[in-house]
Amino acid sequence: MDPSTDAPVLTLLPEVEARRALSGSALSFAVLAPPFPAIGIGTLRVLRVSTLGATTEIVAGYDRYERLPEAPK
């Protein structure tokens, strides 16, 4: 699979399926998180796929996030 042309096909797939489809490619992986303490709920899904040289970058995020209480100061 050529990530540069198949990025729309991978978008919103579960991250595990996207990695399987891109097996054999050099991958970089990041999880997008909210700017507050939170726990991801649901499935980790592909939000963006891009290529930089020979590396394919996957950015993923959960279906939703549950805010955690702030740590006491």
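Side chains included, hydrogens not; waters and symmetry mates left out as well; all remaining heavy atoms used.
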**Student:** Of all the heavy-atom pairs spanning L10 and V46, show the shortest one and how long it is.
**Tutor:** O-CB, 3.5 Å
**Student:** Is any side-chain heavy atom of L27 closer than 4.5 Å to one of R19?
**Tutor:**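 Yes, their side chains come closer than 4.5 Å.
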**Student:** Can you list everything that forms a side-chain contact (heavy atoms from CB on, under 4.5 Å) with R45? Sequence neighbours excluded, please.
**Tutor:**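 With sequence neighbours excluded, R45 shows a side-chain contact (heavy atoms from CB on, under 4.5 Å) to P14, T43, D63, given in chain and number order.
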**Student:** Which residues, ordered by chain and number, are linked to L52 in its hydrophobic cluster, where ILVMFWY side chains connect at heavy-atom gaps below 4.5 Å, directly or through other members?
**Tutor:**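 Taking Ile, Leu, Val, Met, Phe, Trp and Tyr as members, L52 stands alone, with no cluster partners.
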**Student:** If you take all heavy atoms of Y65 and A33, which pair is closest and at what distance?
**Tutor:** OH-CA, 4.4 Å
**Student:** Would a 4.5 Å heavy-atom cut-off, applied to side chains only, mark F29 and E15 as touching?
**Tutor:**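 F29 vs E15: side chains touch.
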**Student:** To the nearest 0.5 angstrom, please state how far the OG1 atom of T11 sits from the CG atom of L47.
**Tutor:** 8.0 Å
**Student:** I'd like to check the side chain to side chain donor-acceptor pair (under 3.5 Å) partners of E17; sequence neighbours left out, ordered by chain and number.
**Tutor:**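 For E17, no residue satisfies side chain to side chain donor-acceptor pair (under 3.5 Å) once neighbours in sequence are set aside.
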**Student:** Would you give the length of the straight line joining atom CG of L44 to atom OH of Y62, rounded to the nearest 0.5 angstrom?
**Tutor:**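 Rounded to the nearest 0.5 Å, the CG-OH separation comes out at 4.5 Å.
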**Student:** Over all heavy atoms of both residues, which pair between A26 and A54 is shortest? Give the atoms and the distance, please.
**Tutor:** CB-O, 3.8 Å
**Student:** For a quick test of reading the model, state the closest non-hydrogen atom pair linking L32 to V59 and the distance between them.
**Tutor:**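 Minimum heavy-atom contact is CB-CG1, 4.2 Å.
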